[in-house]
Amino acid sequence: MTSKTTQVWLGAAVLAASLVHASSASAQEPGLTDKTIKIGMFSPLSGANMAYGFDVVNAAKMYYDKVNKEGGVHGRTIELVVEDDRCNANDLVSAVKKLVEQDQVFMLNGGSCSAAAVAAKDYVVRSKIPWVMLNASADGALYPPTDYIFGAYSISQYAVGGSVVDFGKQHLKAKKIGYINHDDAYGAWNLEAAQATAKELGVDLAVESINPNITDVTAPLIKLRAANPDMIAITTYAKPAALIIKKAHELGITKPIVLAVTGTANVSQLVDNVGSKDALKNFYVQDVLADVPGGSKIKWVYDMYKENYPDLASKPDHPQAYMPYGIAPAMSVVKALKDAGPNPTREKVAEALRTQKFDSGVMAGPIEFGPNDRAAQESTIYLKFDGNQQTLVPGSFQSRWKYKG
Amino acid sequence: MPDLLELTGVSASYGRIQALSEVSLRVPEGRVVALLGSNGAGKTTTLNTISRLVPVTSGSIRFDGKPIESWASHQVVEGGVVQVPEGREVFQDMSVCENLEMGAYRRKDAAAIRADFERVLNYFPKLRERLQQRAGTLSGGEQQMLLLGRALMARPRLLLLDEPSLGLSPVLVQQIFGIIDRLNKDGLTILLVEQNAAVALTCSSYAYILENGEMALQGASDQLRRDDSVRRTYLGH
Amino acid sequence: MRDKTAAVLPRSEADLPGLSARSSVPLGRVALLALAVATLALLPFAVTGYVLYIANLLLVFVVLCLGLHLVIGESGQFALAHAAFYGIGIYTSGLAGNAFGWPFPLSMLLAGLVAGAVGVVIGAVALRMRDIYLALATFAFGEAMQWVFLNWDQVTGGPNGLRISPARLGAFEILSDRQAYPVVVVMTVLMLLLTILISRSRLGRSFRAVRESEVAAMAMGIPVRRAKITAFGLSAFFAGVAGSMFATFSTYIHPDSLGFQTTILVLTMIVVGGLGSIAGAVGGAIVFGLISEFLRQTPSYQEIIYGLILIGFMMYAPRGLFAFIRDKVGGGTRG
Amino acid sequence: MADHLLQVDDLTVKFGGLTAVNRFDISVQRGTIHALIGPNGAGKSTTFNCISRFYQPTTGRILLDGADVTNMPASTMARLGVARTFQNLELFGELTVFENVMIGAHVHAGGTWRNALSARPAGVVEHVEHLLERTGLTPYRNTSARNLDFGHQKLLELARALAIRPRLLLLDEPAAGLRNREIAALDALLTDLCRREGITILLVEHVMQLVMAISDRVTVLNFGTKIAEGTPEEVRNDPSVIEAYLGQEMAHA
Amino acid sequence: MTLDVAFLFLQQGIASGLIVGSVYALLALAIVVIFKTSEVPNFSQGEMVMAAGYIALYLLVFQSLPLWIVMPATILAAFAGAALFRRLILNQVARANGSPVNLVIATLGLSYVLRGFVRQTGFGDTPRSFPPVVEPESILIGQASVTTLDLVILATAIVVMAAFFWMFKYTKTGRAMRAVGMNPKAARLVGVDLTRIHMIVWGLSGGISAVAALLISPKVLMTADMGSIVTLGFAAAIVGGFTSLPGAVVGGFLIGIIENLVGLFITSRAIVLAPFLAIMLVLVIRPQGLFGGRVEIKKV
């Protein structure tokens with residue numbers, strides 16, 4: 001019967017292949033040649049959450065392109081392998097494993113979904129591969145700090161929640177804050193910091209946690225109104241945020257509303273969705289970019305996008321709101337590769353990252369890591385927004401939450 | 001007299017089970033023809049192939065000279081062949097009135113429908129008393145009358161009657177067959193499926209007996225009534 | 001539902017590879033089995049850890065499919081809470097390892113038993129209903145369980161997810177997919193054998209009897225309700241074990257992956273493979289799992305392609321992949 | 001008393017307002033074939049379903065070998081040695097002929113886990129093969145039940161019921177839809193089961209040829225009430241029976 | 001919680017519950033009408049709502065057509081799309097193997113296709129809404145705060161439901177639908193064309209979905225995933241009995257109110273859980289739902 005010979009043949013081929021494989025792997029640092037350096041990217045490129053990652057990847061890609069055009073890093077061009085992680089833990093892990101083991105990338109630059117990204121934590125640490133996240137906050141993977149994982153380039157969720165409370169206390173003189181967050185990982189992290197900050201500043205928090213898919217926000221708002229807070233802080237995604245602001249207006253709540261960066265994706269659409277500028281009479285948004293979207297400081301990013309992706313740019317909703325967040329992580333990767341010298345190893349790059357500090361010009365604050373800190377960006381600014389104009393509130397506001405390891 | 005309905009060599013099957021093999025029968029216009037046989041002999045299947053609920057594997061069905069074996073069920077009804085199914089196949093949660101109106105589903109002649117509605121209620125005065133009652137709450141005999149009435153509302157040329165006496169008391173059976181007789185006298189052609197051989201043979205002019213999906217016996221009804229083999233089929237003599 | 005599911009099920013015993021009651025087992029089937037064994041055995045020597053991760057995941061789905069096969073395929077009960085039992089399995093074995101440092105074979109057993117016990121309790125309530133109502137009740141239970149996973153912070157880590165410490169046996173720790181692979185394979189084979197055993201046994205026959213005709217089953221002395229609950233419990237047990245298998249190579253679990261989507265994925269797998277046959281359950285899991293992984297490479301159109309595949313299957317291969325291949329290749333050799 | 005394997009006292013069944021069976025009694029003597037006949041809709045099947053415990057009677061008592069089984073669940077009846085067939089065939093359609101009969105043999109495989117998980121419990125398979133042989137189904141052993149022709153399906157139901165090794169066999173229209181040749185074979189088989197193996201049989205039947213040939217005793221129901229009982233000969237000549245069946249006119253023909 | 005507050009919560013919970021509940025009721029109606037006539041729980045119902053919403057959005061915002069054209073056009077498009085899906089796809093699935101699970105999976109397939117398609121257009125990312133029919137002004141009813149838009153939504157939903165019930169009860173086609181649901185065989189015997197009725201039923205379900213989409217998108221905002229709102233329609237349908245149209249409506253209002261009361265009196269976190277608990281409770285206590293039909297004894 002032929003199947004037997006086929007098996008033997010198959011077995012031999014398989015064995016040979018695995019040997020070849022093993023020898024090539026041990027030669028030098030994976031993903032590295034004299035001319036190229038291979039970087040693995042992953043992010044949701046499809047499905048429900050593609051808005052969190054698709055254009056963020058595109059932004060990073062165009063930045064790498066620019067670096068390559070300018071001669072690369074120490075003479076090496078950056079090669080990218082991009083995988084779809086579907087914003088889901090199992091798929092993200094399989095993307096990461098494919099990049100590391102199959103594509104043999106030198107390092108990782110990916111992740112836009114926090115809960116999913118945490119799933120790869122142990123694997124990355126065990127494999128000792130430097131991993132620079134994209135716009136995932138993934139505080140679950142950043143705390144406790146590890147030697148290889150770097151993230152929160154847009155902002156740490158802890159910073160988000162804490163700073164909103166700080167802003168409320170310092171700028172709006174609030175003694176009691178109505179706080180609406182999600183019942184997911186994002187929500188849990190920012191609430192933890194908000195509570196820590198509130199405790200330190202002597203502020204009362206009335207918390208309503210809601211599901212991100214909520215369709216009727218009447219109940220939580222009525223309860224908050226009954227608690228009679230001095231301001232309302234919203235740390236939800238854009239959709240619930242719009243619903244809440246609108247409903248708050250309908251319910252006659254006139255207290256200041258502060259919307260965290262998680263919900264500010266598209267402020268002009270927010271105005272449309274809220275439906276009435278009256279609802280925004282006493283309204284502040286938190287921001288983590290160096291300027292308002294499309295503002296002069298970061299205009300170059302949008303121009304670059306139009307130049308690189310003319311087809312996409314002509315589609316509605318593109319570039320997606322989080323697009324500029326892809327720049328800072330790419331800068332961080334390039335800088336770490338530069339700092340690691342002409343003969344980089346994964347260890348050297350991770351080393352460089354651990355003490356990295358630079359100003360991206362895109363994000364509100366500097367990108368900065370420290371001995372006990374793997375969250376890159378913790379600064380926020382606040383803008384008063386009346387539906388047309390955004391006016392910067394002077395000063396910066398900080399979370400009081402500190403990792404206690 | 002021309003045949004209104006003619007089945008020639010009709011076979012049908014459920015899955016791989018042959019339900020009918022090579023069944024042929026003729027129903028002349030204006031007559032009552034009975035189709036007899038014991039449980040499971042294929043009587044209902046025969047009606048269902050005519051009503052196009054069961055596909056025909058071979059053979060032809062002609063109605064008024066036209067082949068109808070490839071028609072859809074609603075076309076057959078529109079053509080004038082209407083079945084009164086066995087059992088309690090009324091629209092349970094509709095009123096009696098609605099059930100009757102459903103009978104005229106394929107008709108558009110509003111005035112004639114109204115006239116037929118009256119005609120049906122004259123045939124079945126019981127139904128007039130219960131026009132707004134839910135059909136599911138009617139007694140067995142009333143449901144049977146409703147079924148007949150519903151079929152009449154379609155203005156059939158050929159009525160396929162499936163076991164109208166099933167589960168009815170003798171008085172009711174007599175009533176139903178009285179109505180069948182009247183309908184026939186009024187010019188309606190009827191193919192009658194029955195287990196109750198006596199009544200069926202009384203009110204029909206010609207009869208077929210099915211056994212195991214095959215035509216076993218046929219003949220004029222009054223002849224069959226005297227035939228010993230019929231007696232044997234029903235009493236085991 | 002007026003059309004009984006039973007009507008779509010292919011002949012069961014003759015469909016099991018190597019289990020045909022006929023004495024002459026077709027050569028092609030032996031070859032296929034040999035190829036499967038060889039592939040499983042040689043895989044770790046041939047491929048990267050990534051492929052092994054995919055293999056591990058697929059095998060977990062194979063066991064999930066076997067479990068759903070027992071309740072839907074064998075006993076004809078439309079239960080839609082599989083992801084919940086899977087989740088119970090993951091959390092149970094994860095916690096047994098994390099908190100008590102149990103050796104993994106023990107936590108696997110525990111995971112199966114806990115899930116199975118919950119299954120029996122839920123089954124006892126839900127199986128008072130049939131068809132669509134059973135499906136909807138179990139669906140609601142599944143959603144409620146996902147909420148529990150998300151909100152019972154002290155136990156499940158809630159929205160932060162749960163880090164699962166490496167599975168251990170004495171001093172040996174499973175730290176990679178390569179190390180986990182043999183365990184996963186052995187468990188899959190064990191569960192497959194258990195399924196075959198159940199299916200061929202009196203128990204399996206009573207499940208199928210209930211599926212085909214409850215009244216006849218009753219007349220044959222089969223306590224129908226108990227049979228249904230047993231099938232439900234076994235199915236949950238399988239899902240629990242699948243969860244514990246997942247916990248051997250995965251380091252993290254988040255409630256997001258334990259929703260209705262996962263149940264539907266498993267259901268789709270067994271329907272696409274061919275409802276009612278073990279081969280269909282196994283094949284459906286592998287084929288559909290691979291399709292899903294390959295689709296990851298074509299991000300922008302994958303939802304559309306995925307949807308079209310489902311519709312296409314239902315239009316042109318309604319009895320599943322294997323029946324389709326058999327019809328096309330075998331040219332109707334079966335009588 | 002003791003020679004009555006089955007005794008039904010004062011059985012009444014009401015569905016909603018309809019009285020399907022009214023104060024019905026029947027006693028089936030051990031080792032006999034007893035037929036229950038009557039025109040369509042007479043209440044035979046309802047009575048039958050009460051005895052096999054699929055319907056709950058409104059009032060009345062059912063005794064099996066002297067023991068009250070009026071409130072037994074249907075699935076327990078098999079264990080008590082009562083097997084039944086169905087009027088409209090309730091086979092396990094997708095399962096093979098062999099499996100169908102194996103399921104009938106379930107009650108004899110014992111309750112242990114080992115037996116539950118064993119594919120071929122000792123002794124049972126032989127018995128099943130024997131039954132297949134006896135009903136002439138051996139050639140179709142691995143065919144799905146739904147792919148059999150009607151006659152074989154009927155036989156399969158019978159074989160499946162016999163696998164229970166019943167004391168009392170309840171047959172709901174076993175001859176319906178059978179060809180003459182098949183009815184003759186059934187006749188022989190049932191007679192053999194009763195005379196040689198001592199299985200008591202209660203059958204509901206329309207095919208009089210069979211009823212008259214094999215029954216020891218016949219009970220006639222019409223409109224839910226017993227109208228006659230006796231030997232086949234007595235019943236056949238009972239005017240009320242003839243009227244019920246053939247109608248008034250033909251009764252006098 | 002003081003008694004005053006509790007009373008306020010109660011009023012607001014019922015008012016808001018009735019308003020969202022009216023939309024859930026519409027969705028439940030769309031689900032039940034299909035289930036009643038073909039015994040298929042339509043898993044693509046949510047995506048039908050979503051797709052209709054995006055058609056309206058496209059016409060209104062991107063083609064700048066006036067509302068009085070957009071509304072009928074959207075409803076018509078949804079009607080046609082759903083009817084065609086039934087005719088071209090499901091008919092073939094039913095012919096190939098009429099098992100309900102196959103039909104269900106085919107509808108699941110449609111849901112993926114529709115979602116993928118909307119994302120492909122680029123509209124699916126940012127939550128959007130189109131201008132509401134009326135400017136929402138706040139009104140107090142008792143102590144409960146609602147808006148003019150809310151009242152318009154409630155009124156429209158009630159009018160649509162009434163029209164639907166009228167059609168179901170008094171028109172020939174409506175009667176045929178009921179007939180098919182009660183007894184498909186008898187329906188065929190009086191000459192009902194099943195294929196046509198199924199198409200119309202799906203079309204109607206699509207049309208109702210479109211109305212629901214037009215009503216709710218100003219309230220819940222549109223994303224490619226907004227179809228998940230139909231889960232609440234399913235919950236409403238189940239609570240009502242799944243085969244009962246009045247049940248669907250009552251179920252819708254109940255779910256809306258329960259959701260709000262749970263949110264107000266227990267915790268906002270449990271809002272999403274409330275419908276499922278309601279389902280389980282109803283099914284355990286009264287398996288056929290509040291308005292479900294009798295459970296028939298199988299004849300042997």
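From a predicted model like this one, the values you see are computed outputs, not experimental measurements. Chain identifiers are assigned alphabetically (A, B, ...) following the order of the sequence lines, protein sequences preceding nucleic acid strands; residue numbering begins at 1 within each chain.
In this structure, CE in D:M102 is found 11.5 Å from OG in C:S206, a value given to the nearest 0.5 Å. Note that the CZ atom of C:R226 and the OG atom of D:S75 stand 8.0 Å from one another [nearest 0.5 Å]. We find the CZ-CZ distance between D:F92 and C:R205 to be 11.0 Å, quoted to the nearest 0.5 Å.
Contacts between D:I103 and chain C at a heavy-atom distance below 4.5 Å involve backbone atoms as well as side-chain atoms. When heavy atoms are compared at a cutoff of 4.5 Å, D:R160 approaches chain C by way of both its backbone and its side chain.
By the side-chain contact (heavy atoms from CB on, under 4.5 Å) test, D:T59 pairs with D:T12, sequence neighbours left out. Scanning for side chain to side chain donor-acceptor pair (under 3.5 Å) contacts around C:K228 gives C:E214, with sequence neighbours left out.
Looking at heavy atoms from C-beta onward, C:E212 lies out of side-chain contact with D:L91 at the 4.5 angstrom threshold. Side-chain contact check for C:M218 versus D:M77: every heavy-atom pair is 4.5 Å or farther apart.
Around the CD atom of D:E197, the shell of radius 6.0 Å holds more than 12 heavy atoms that belong to other residues, nucleotides or ligands.
C:G221 and D:R79 get closest at one heavy-atom pair: O-NH2, 3.1 Å. Between C:A219 and D:F86, the shortest heavy-atom distance links the atoms CB-CZ, 3.7 Å. Nearest heavy atom pair, residue C:M220 against residue D:A78, reads C-CB, 3.7 Å. Taking every heavy atom of both residues into account, D:L95 and C:A209 meet most closely at CD1-N, 4.3 Å.
Salt-bridge annotation for C:R208 and D:E99: present, with a side-chain N of the basic residue lying under 4.0 Å from a carboxylate O of the acidic one.
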